[in-house]
Participant: 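Would you mind keeping the following structure in view while I ask a few things?
Below, all heavy atoms of this structure are taken into account, side chains as well, without hydrogens, waters or symmetry copies.
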Amino acid sequence: MATKNKKKRFAAFINGRWVKEGSQGTFENINPADTRDVVGVFPACGPEEVAEAVAAAKEAYESWRLVPAPKRAEIIRNAANLLIKHKERIAQQMTREMGKILDETRGDVQEGIDTGFYASGEGRRLFGDTVPCELPNKFGMSVRMPIGVCGMITPWNFPLAIPTWKIFPALVCGNTVVFKPATDTPATAVELVEILLEAGLPPKCINLVTGSGSSVGNAIVDHPDVRVISFTGSTEIGCKINERAGAKLKRVSLELGGKNAQIVMDDADMELALEGVLWGAFGTTGQRCTATSRLILHKKIHDKFVEKLIERAKKIRIGNGLDPKTQMGPLVSKAQRENVKRYVEIGVNEDKAELVLGGKELTQGPYAHGWFFEPTIFVNVKPKMRIAQEEIFGPVLAVLRAKDLDDAIRILNDTPYGLSSSIYTRDVNAAFKAMRDIEAGITYINGPTIGAEVQLPFGGVKGTGNGHREASHTVLDIFTEWKSIYVDYSGKLQRAQIDVQAG
Ligand code: NAD
């Protein structure tokens, strides 16, 4: 890996200008597979820059909201086409920036492309209702209205896909944007903004403010002219944001943590279930909100399945994600690796679960300069143990044993979260029971817990969010307000509920 690259300077984009200096200095973005490689130096912004960005977005809103939605959507379609053109370059940089393997960063960009085409289609829909009115010569309809300036605060694990889930539909709906990406992935955010500008977006409609959550994130949440906060990240931060923004009656959409489980019944296709859990638990080094962090095995197949799982997980090739042979990259940062280590210690010492694979950081040879960690499996895990309850966000799988379907579903539901879930079974009755009784925003039948597509709602129940759904047309409910319009063409005063009474 490059060790001598000059430190490239990146800029924030505020009020239609690229800004290299932040009021709080700068911060470095480091390659987690090789910490000698500095991806770039970014401005650390603060409340001042947020204020300027919000003012620009507010000004731009007044003209952007009047651009016909199909025209706004054309720009988003252009952006999707540009993402296709630059897909490989963006994917390479994303791997360097946050570590996941190239297949996955290409998938991340593809999700942005899919979202772009889907959202641009909405420019010619944005459906409302027309309904009959109870009085003669009167017309009733509901229409979606834009809301204003939207603050988008995003995590590092999907550096392109998650920002596009928010920014593309918000713009199609006629809003303007102040975007704060995670400090681990600002380079991908710069790419996205460059692409939107090249696609024809009026510059002040998008503002990119790089910097920490405490200075930039809080300032966005608190600013009175930011009407919508769309946040994806941890449940802990999401709850704090909800409190602050809720006090100002802002619309807040929260996509938060998960503790997702895959159930394998005794009648399942074992090979398929094995492939599913390997991908679900160790893909993206376990750093997906939908990652499989619990595996619930029917008692009849438990021992044999665990044996095969260990055998296969041992063979996962760990390394730099830019190497096409690598199957699992590093964790995103030192802090993330420390967190994973801490949970392994909790699993061994506090929970007293049985560690049957991995559990250690990798620090020698090709791993000496990165945040690598072994694929890790615990068995004899009980539902109330901390490693079965708390989000770890790393390559750590907790295996639990279930007596039957009811027991498996009960165990699956026994967490504070409710994002993704999966069941492998050939029994159609069991599958339908699981679809009904699992408490989660997403359920896969005979597929792993990861793999969402943009045309279906994305989000979760319980501690995973506050009831909003990104992706699909449901995202429009985050970025628009309903307006009901009555047109009375009778030429006289007509009184609803008084001049005409049903019953
Ligand atoms: P995080 O909560 O630490 O940070 C998310 C974003 O919030 C970052 O941009 C961060 O800088 C910012 N932030 C931090 N403190 C803030 C504050 N006080 N005010 C405003 N903004 C603040 O999360 P992370 O470590 O970046 O991402 C991992 C978490 O995200 C996991 O919990 C994961 O499950 C979750 N996630 C959820 C989804 C989903 O759709 N449900 C998707 C991806 C990730």
Participant: Between the side chain of K7 and the main-chain N/O of V38, is any donor-acceptor distance below 3.5 Å?
Facilitator: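 Such a contact is absent between K7 side chain and V38 backbone.
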Participant: Check for a donor-acceptor pair, side chain of T176 on one end and backbone N or O of A60 on the other, with a separation under 3.5 Å.
Facilitator: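 Such a contact is absent between T176 side chain and A60 backbone.
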Participant: Assess whether atom NZ of K462 is packed by more than 12 heavy atoms of other residues, nucleotides or ligands within 6.0 Å.
Facilitator: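 More than 12 heavy atoms, drawn from other residues, nucleotides or ligands, come within 6.0 Å of this atom.
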Participant: Please check this pair: side chain of R251 against backbone of C150, looking for a donor-acceptor N/O pair closer than 3.5 Å.
Facilitator: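 Here the side-chain-to-backbone pair does not exist.
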Participant: Using a strict cut-off of less than 4.0 Å between a Lys/Arg side-chain nitrogen and an Asp/Glu carboxylate oxygen, indicate whether K341 and E338 qualify as a salt bridge.
Facilitator: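 Yes, K341 and E338 are salt-bridged.
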Participant: Using every non-hydrogen atom in the two residues, find where A313 and I377 come nearest and quote the distance to one decimal.
Facilitator: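 Nearest pair, atom of A313 first, then I377: CB-CD1, 4.0 Å.
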Participant: Is it the case that the side chains of R77 and S120 hold a donor-acceptor pair, with the cut-off being a distance below 3.5 Å and no angle test?
Facilitator: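 No, R77 and S120 have no side-chain donor paired with an acceptor closer than 3.5 Å.
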Participant: More than 12 heavy atoms of other residues, nucleotides or ligands under 6.0 Å from CD of Q455: yes or no?
Facilitator: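 Yes, CD of Q455 has more than 12 neighbouring heavy atoms, counting only those of other groups under 6.0 Å.
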Participant: Are more than 12 heavy atoms from other residues, nucleotides or ligands located less than 6.0 Å from atom CD of E243?
Facilitator: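 Not buried by this count: 12 neighbours or fewer within 6.0 Å.
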Participant: For the residue pair T164 and E111, confirm or rule out a side-chain donor-acceptor distance under 3.5 Å.
Facilitator: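 Checked: T164/E111 side chains show no N/O donor-acceptor pair below 3.5 Å.
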Participant: Examine K100 relative to F158 and say whether NZ or CZ is less than 6.0 Å from the centre of the six-membered ring and inside a 45° cone about the ring axis.
Facilitator: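 Yes - K100 lies over the ring of F158, closer than 6.0 Å to its centre and within 45° of its axis.
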Participant: Can you confirm whether F13 sits close enough to P203 that some side-chain heavy atom of one is under 4.5 Å from a side-chain heavy atom of the other?
Facilitator: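 Heavy-atom side-chain distance check passes, below 4.5 Å.
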Participant: Is a donor on one side and an acceptor on the other found under 3.5 Å between the side chain of T464 and the backbone of G257?
Facilitator: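 Looks like yes, one N/O pair under 3.5 Å.
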Participant: Determine, for K71 against E74, whether the closest basic-nitrogen to carboxylate-oxygen distance falls under 4.0 angstrom.
Facilitator: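 Answer for the salt bridge query: yes.
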Participant: Looking at H86, I want to see if its NE2 is surrounded by more than 12 non-hydrogen atoms of other residues, nucleotides or ligands under 6.0 Å.
Facilitator: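 Yes - once you tally the heavy atoms of other residues, nucleotides and ligands closer than 6.0 Å, there are more than 12.
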Participant: Enter the distance from I392:CD1 to F378:CZ here, rounded to the nearest 0.5 Å.
Facilitator: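 Here the interatomic distance stands at 7.5 Å.
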Participant: Check whether any side-chain N or O of D37 sits under 3.5 Å from a backbone N or O of R96 as a donor-acceptor pair, and report yes or no.
Facilitator: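 Flag not set: sc D37 to bb R96 has no pair under 3.5 Å.
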Participant: Starting at CD1 of I84, measure out to CD1 of I90 and round the result to the nearest 0.5 Å.
Facilitator: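 Atom-to-atom, I84:CD1 and I90:CD1 are 11.0 Å apart.
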Participant: Would you say the side chain of E275 lies within less than 4.5 Å of the side chain of R312, judging by non-hydrogen atoms?
Facilitator: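 Yes, side chains in contact.
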Participant: For E453 and F458: C-alpha separation, side-chain torsions, deciding distance, then whether side chain to side chain contact (heavy atoms under 4.5 Å, CB included) applies.
Facilitator: CA-CA 8 Å; E453 299 180 26; F458 186 92; over 6 Å; no
Participant: On a heavy-atom basis, which atom in E391 and which in C289 lie closest, and how many Å separate them?
Facilitator: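 So the minimum-distance heavy-atom pair works out to OE2-CA, 4.5 Å.
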Participant: Less than 4.0 Å between a side-chain N and a carboxylate O, is that true for K259 and E390?
Facilitator: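 The answer is no: the pair does not qualify as a salt bridge.
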Participant: Would you mind telling me which of W156, F373, Y343, Y417 makes a ring-ring contact (aromatic ring centres under 6.0 Å, His included) with F393?
Facilitator: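 With F393 as partner, ring-ring contact (aromatic ring centres under 6.0 Å, His included) holds for just one option, W156.
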Participant: Can you tell me if D108 uses its side chain to pair, donor with acceptor, with the backbone of L160 under 3.5 Å?
Facilitator: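 Checked: pair present.
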Participant: If you compare all heavy atoms of C45 against all heavy atoms of A12, which two are closest, and at what distance to 0.1 Å?
Facilitator: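 That closest heavy-atom pairing would be SG-CB, 4.2 Å.
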Participant: Decide yes or no for I237 and I153: does some side-chain heavy atom of the first lie under 4.5 Å from some side-chain heavy atom of the second?
Facilitator: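 A side-chain contact under 4.5 Å is absent here.
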Participant: Are any of the side-chain heavy atoms of V454 and F117 separated by less than 4.5 Å?
Facilitator: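 Counting from C-beta outward, V454 and F117 never come under 4.5 Å.
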Participant: For the pair R17 and E52, find out whether any cationic side-chain nitrogen is under 4.0 Å from an anionic carboxylate oxygen.
Facilitator: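 Counted as a salt bridge, because a side-chain N and a carboxylate O are separated by less than 4.0 Å.
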Participant: I need the L331 CG to Q287 CD distance, nearest 0.5 Å.
Facilitator: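 Reported value, rounded in 0.5 Å steps: 4.5 Å.
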Participant: Considering all heavy atoms of both residues, which atom of V178 and which atom of A57 are nearest to each other, and what is their separation?
Facilitator: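 Closest approach of V178 to A57, heavy atoms only: CG2-CB, 4.1 Å.
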Participant: Say whether, by atom type as modelled, one donor and one acceptor occur between the side chain of T95 and the main chain of L322 under 3.5 angstrom.
Facilitator: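 Between the backbone of L322 and the side chain of T95 there is no qualifying donor-acceptor contact (under 3.5 Å).
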Participant: Backbone N or O of M145 within a donor-acceptor pair of the E481 side chain at under 3.5 Å?
Facilitator: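 Absent.
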Participant: Is the shortest side-chain heavy-atom distance between T210 and F27 below 4.5 Å?
Facilitator: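 Yes; the side chains approach each other to less than 4.5 Å.
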Participant: Regarding K166 and T232, do their side chains bring together a donor and an acceptor under 3.5 Å, going by distance alone?
Facilitator: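 Yes, a side-chain donor-acceptor pair sits under 3.5 Å.
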Participant: Could you tell me which non-hydrogen atom of Y424 sits nearest to which non-hydrogen atom of G276, and how far apart they are?
Facilitator: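 The pair with the smallest heavy-atom distance is OH-CA, 3.4 Å.
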Participant: Could you tell me if the side chain of V252 sits less than 4.5 Å from the side chain of V228, heavy atoms only?
Facilitator: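 No, too far: nothing below the 4.5 Å cut-off.
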Participant: Dump the intermediate steps for side chain to side chain contact (heavy atoms under 4.5 Å, CB included) on T292 and N260, then the final yes or no.
Facilitator: CA-CA 5 Å; T292 310; N260 317 292; 5.7 Å; no
Participant: If you measure only the distance, is there a donor-acceptor pair under 3.5 Å linking the side chains of T443 and S421?
Facilitator: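 A pair is found: one side chain offers a donor N or O, the other an acceptor, under 3.5 Å apart.
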Participant: Supply the atom-to-atom distance I206 CD1 to I195 CD1, rounded to the nearest 0.5 angstrom.
Facilitator: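 Reported to 0.5 Å precision, the distance equals 12.0 Å.
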Participant: Quick one: do T480 and R144 satisfy side-chain hydrogen bond (donor to acceptor under 3.5 Å, both in side chains)? Show the steps, please.
Facilitator: CA-CA 6 Å; T480 55; R144 288 186 181 275; 2.8 Å; yes
Participant: Answer yes when R317 and D323 have at least one side-chain N-carboxylate O distance shorter than 4.0 Å, and no when they do not.
Facilitator: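 Looking at D323 together with R317, the answer is no, because their closest N to O distance does not fall below 4.0 Å.
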Participant: Write down the atom of P146, the atom of R65, and the distance for their closest heavy-atom approach.
Facilitator: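 Looks like CG-CB, 4.0 Å.
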Participant: Apply the test side chain to side chain contact (heavy atoms under 4.5 Å, CB included) to residues N15 and K204: give CA-CA distance (whole Å), side-chain angles for both, the deciding distance (0.1 Å), then the verdict.
Facilitator: CA-CA 5 Å; N15 194 15; K204 292 183 186 180; 3.1 Å; yes
Participant: Drop me the distance from I478's CD1 to N175's CG, to the nearest 0.5 angstrom.
Facilitator: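 Between atom CD1 of I478 and atom CG of N175 there are 11.0 Å.
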Participant: Backbone N or O of T449 within a donor-acceptor pair of the S420 side chain at under 3.5 Å?
Facilitator: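 The answer is yes, because a donor-acceptor pair under 3.5 Å joins these two groups.
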Participant: Is it true that, when you exclude R89 itself, more than 12 heavy atoms of the residues, nucleotides or ligands shown sit nearer than 6.0 Å to its CZ?
Facilitator: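 Enclosed.
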Participant: Between S472 (side chain) and L456 (backbone), is there a donor-acceptor pair under 3.5 Å?
Facilitator: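 Checking the backbone N and O of L456 against the side chain of S472, no donor-acceptor pair under 3.5 Å is found.
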Participant: Could you give the distance from CD1 (I438) to OH (Y444), rounded to the nearest 0.5 Å?
Facilitator: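 Reported value, rounded in 0.5 Å steps: 12.5 Å.
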Participant: Under 4.0 Å between a side-chain nitrogen and a carboxylate oxygen: does that hold for E21 and R9?
Facilitator: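 Counted as a salt bridge, because a side-chain N and a carboxylate O are separated by less than 4.0 Å.
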Participant: Do P186 and F10 come within less than 4.5 Å of each other through their side chains, counting heavy atoms only?
Facilitator: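 Side-chain contact under 4.5 Å: no.
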Participant: Check step by step if side chain to side chain contact (heavy atoms under 4.5 Å, CB included) holds for F168 and I75.
Facilitator: CA-CA 10 Å; F168 287 175; I75 293 171; over 6 Å; no
Participant: Quick one: does S212's side chain get under 4.5 Å of Q24's, heavy atoms only?
Facilitator: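 Contact flag for S212/Q24 side chains = no.
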